[in-house]
Amino acid sequence: MSVTSVEPSGARPRRLSPSRFMIYAGLFVAAVYYLLPLYVMVVTSLKGMPEIRLGNIFSPPMEITFQPWVTAWDSACTGLYCEGLKVGFWNSMKILIPSVIVSIAIASVNGYALSNWKFKGSEVFFTILIIGSFIPYQVMLYPLVIIMRELGIFGTLTAIIVVHTIFGMPILTLLFRNYFAALPVELFKAARVDGAGFWQIFLQVLAPMSLPIFVVAVILQVTGIWNDFLFGVIFAGTENYPMTVQLNNIVNATQGVKEYNVNMAATILTGAVPLIIYFLSGRYFVRGIAAGAVKG
Amino acid sequence: MSGDRRPSGLTRNLNAKIAAVPMILTALVVFVGCSIWSIGYSFTSSNSLPVNEFVGLAQYERLFKTSRWIVSLKNIAIYGVFSIFFSLTMGFLLAALLDQKVRFENVFRTIFLYPFALSFIVTGLVWQWILNPTFGIEHVVRGLGFETFSFAPLSDRNTVIYALLIAGLWQGTGLVMAIMLAGLRGVDEEIWKASRVEGIPAWRVYVSVIIPMMKPVFVTTLVLIGSGIVRLYDLVIAMTNGGPGASSEVPAKYVYDFMFSRGNLGQGLAASTIMLIVVITIMIPWIYIEYGPKKRA
């Protein structure tokens with residue numbers, strides 16, 4: 001214990017004191033709790049059904065098989081149809097891409113108008129928008145269905161895109177409004193003096209220098225829309241059911257023998273898109289949720 | 001308007017107004033209009049279609065006589081109280097641990113937060129599998145020699161709500177941790193230096209200085225957790241679908257079922273109005289704290 005170090009090193013990590021040990025032990029236990037489900041998902045999806053019936057859910061697969069993944073993607077059944085999750089995946093993509101583009105386009109221009117081109121009443125509408133974001137969706141669902149039906153778009157991709165645009169608007173508008181408000185006013189004034197108008201300033205001056213906030217908005221929307229279940233099940237229509245809805249239908253289907261390995265492969269596949277985005281964009285993801293956290 | 005360089009009234013600042021049209025429509029038609037519509041029609045005898053026959057509070061009387069609604073309220077209360085308590089304590093604890101200048105901070109943070117990127121459907125299905133009565137944790141622990149070990153919350157009417165809680169906490173505490181960590185990083189280093197000089201133990205500094213300082217962070221987190229609790233729906237659908245029996249029903253599911261599958265609109269609308277009232281009740285103290293005294297100070 002009393003051996004002294006003679007190496008001429010700089011900051012050498014000190015020996016673990018009991019309190020440091022407790023800190024790492026606590027973090028480690030927590031990490032196990034958070035990682036366990038991911039581990040169980042992966043392990044289960046790589047086993048055959050006989051092994052699942054005999055073994056325990058935590059043991060690694062004795063014989064690795066990718067068949068469950070193939071089945072989940074290509075031929076798992078939801079009720080009558082056995083076309084696999086790929087249908088839901090492409091539906092989710094068809095919902096996701098236009099929803100993200102439209103919602104961000106509208107909210108960014110709106111946030112810009114709110115921060116740089118305030119008009120009479122603009123703050124009132126904005127306040128209603130922010131307070132409204134706390135209203136439980138259930139309160140507005142039925143009248144929205146009526147509106148969609150009257151517009152003749154209920155049960156179509158258009159309806160679900162409109163719904164995502166509506167319910168993404170409060171947080172996105174807030175995000176863009178605060179970002180543009182924090183940019184130096186001189187930029188805006190200089191552009192105005194040069195004779196640039198509303199759209200010119202936005203498209204040529206502000207938007208190009210606001211890339212980080214657009215990235216945050218895209219991450220926020222992609223994860224939010226991909227993970228949506230309620231709106232998809234109500235507004236998208238049966239043939240456009242997003243991946244989450246289809247996943248639930250596959251796993252919780254009442255008929256047939258339960259194939260837990262296929263179910264877990266399907267679950268991972270559905271979680272993969274937001275997970276990949278999360279792991280690739282850690283910093284921006286945290287910024288996005290932090291922005292969501294400091295509403296108002 | 002002919003040749004007028006500064007048009008007044010509606011056309012003034014016209015582009016900004018055009019840009020704000022979606023917001024104005026959302027605010028007025030959806031948030032205000034749809035809510036008023038729902039509240040209004042909750043006083044009618046609407047069944048499968050909305051009708052204008054006013055019946056006063058009849059839907060509400062019926063609602064509170066329905067055992068399924070009472071179970072839903074009880075469940076959301078249990079889930080809410082425990083979820084707030086555990087996500088605040090666990091979230092703060094994890095943030096405090098991470099704030100001790102630990103190595104691999106990024107790795108730990110990434111691990112704690114990744115479930116938040118997953119949907120409630122995915123969360124529910126994973127935990128449904130882990131807690132599976134035939135193959136799940138119970139089976140594994142029994143296999144280790146503890147023959148009488150019993151842990152199958154999903155098949156027990158009395159404990160199923162705690163199974164939802166375990167899954168919900170797994171998904172959501174990472175967010176609380178991230179917000180709390182940001183709050184802790186905002187604490188002035190001088191406070192720590194001063195307390196070290198004075199020889200005050202760290203836990204006392206947290207309890208008597210840091211946590212009181214972080215009150216706004218706690219309040220914001222509370223509002224965030226609270227509005228999430230009221231919306232609890234997907235997780236239940238994926239994990240239990242309300243079962244066994246009706247023992248894990250929640251208000252949001254009650255609304256959906258009565259509106260869209262049972263064709264009893266009046267009940268659904270009355271239930272959703274109660275949800276709205278609950279949210280407003282939660283929001284008022286927050287609005288007061290956020291905007292009330294601070295503005296005057």
- Note on the structure: One option among B:Y256, B:Y233, B:F104 has the most heavy-atom pairs under 4.5 Å with chain A, and it is B:Y256
- Query: chain B heavy atoms under 4.5 Å from A:L38: which part of the residue, side chain, backbone, both or neither?
  - Reply: both
- Task: Return the orientation label for the B:F116 and A:F285 ring planes: parallel under 30°, perpendicular over 60°, tilted otherwise.
- Result: perpendicular
- Task: Begin from the C-alpha positions of B:V126 and A:T267 and carry the test side chain to side chain contact (heavy atoms under 4.5 Å, CB included) through to its verdict.
- Result: CA-CA 8 Å; B:V126 182; A:T267 308; 4.0 Å; yes
- Task: Measure distances from A:V145 to the heavy atoms of chain B and classify the residue's part below 4.5 Å as side chain, backbone, both or neither.
- Result: side chain
- Where on A:F167 is there a heavy atom nearer than 4.5 Å to chain B: the side chain, the backbone, both, or neither? side chain
- Please say whether the positively charged group of A:R53, taken as NZ for Lys or CZ for Arg, lies over the ring of B:F135, i.e. under 6.0 angstrom from the six-membered ring centre and within 45 degrees of the axis. no
- Between A:F229 and chain B, which part of the residue has a heavy atom less than 4.5 Å away: side chain, backbone, both or neither? both
- Message: Need one label for A:S122: side chain, backbone, both or neither, based on atoms under 4.5 Å from any heavy atom in chain B.
- Response: backbone
- Item | A:Y34 ring center within less than 6.0 Å of B:F112 ring center | yes
- Task: State, without any angle test, whether A:W199 and B:N15 hold a side-chain donor-acceptor pair at a distance under 3.5 Å.
- Result: yes
- Relative to chain B, which segment of A:K120 carries a heavy atom at a distance below 4.5 Å: side chain, backbone, both, or neither? neither
- Query: Just wondering, do B:P22 and A:N110 contact through their side chains at under 4.5 Å, heavy atoms?
  - Reply: no
- Decide whether A:T44 and B:W129 meet the rule of one side-chain donor and one side-chain acceptor closer than 3.5 Å. yes
- Task: Tell me, for A:I147 versus chain B, whether the close heavy atoms (under 4.5 Å) come from the side chain, the backbone, both or neither.
- Result: side chain
- Message: Checking A:M140 against B:W37 for the side chain to side chain contact (heavy atoms under 4.5 Å, CB included) test, could you report, in this order, the C-alpha distance in whole Å, the side-chain angles of both residues, the deciding distance, and whether it holds?
- Response: CA-CA 8 Å; A:M140 298 167 281; B:W37 189 96; over 6 Å; no
- Item | Contacting moiety of A:I219, where chain B heavy atoms sit under 4.5 Å | neither
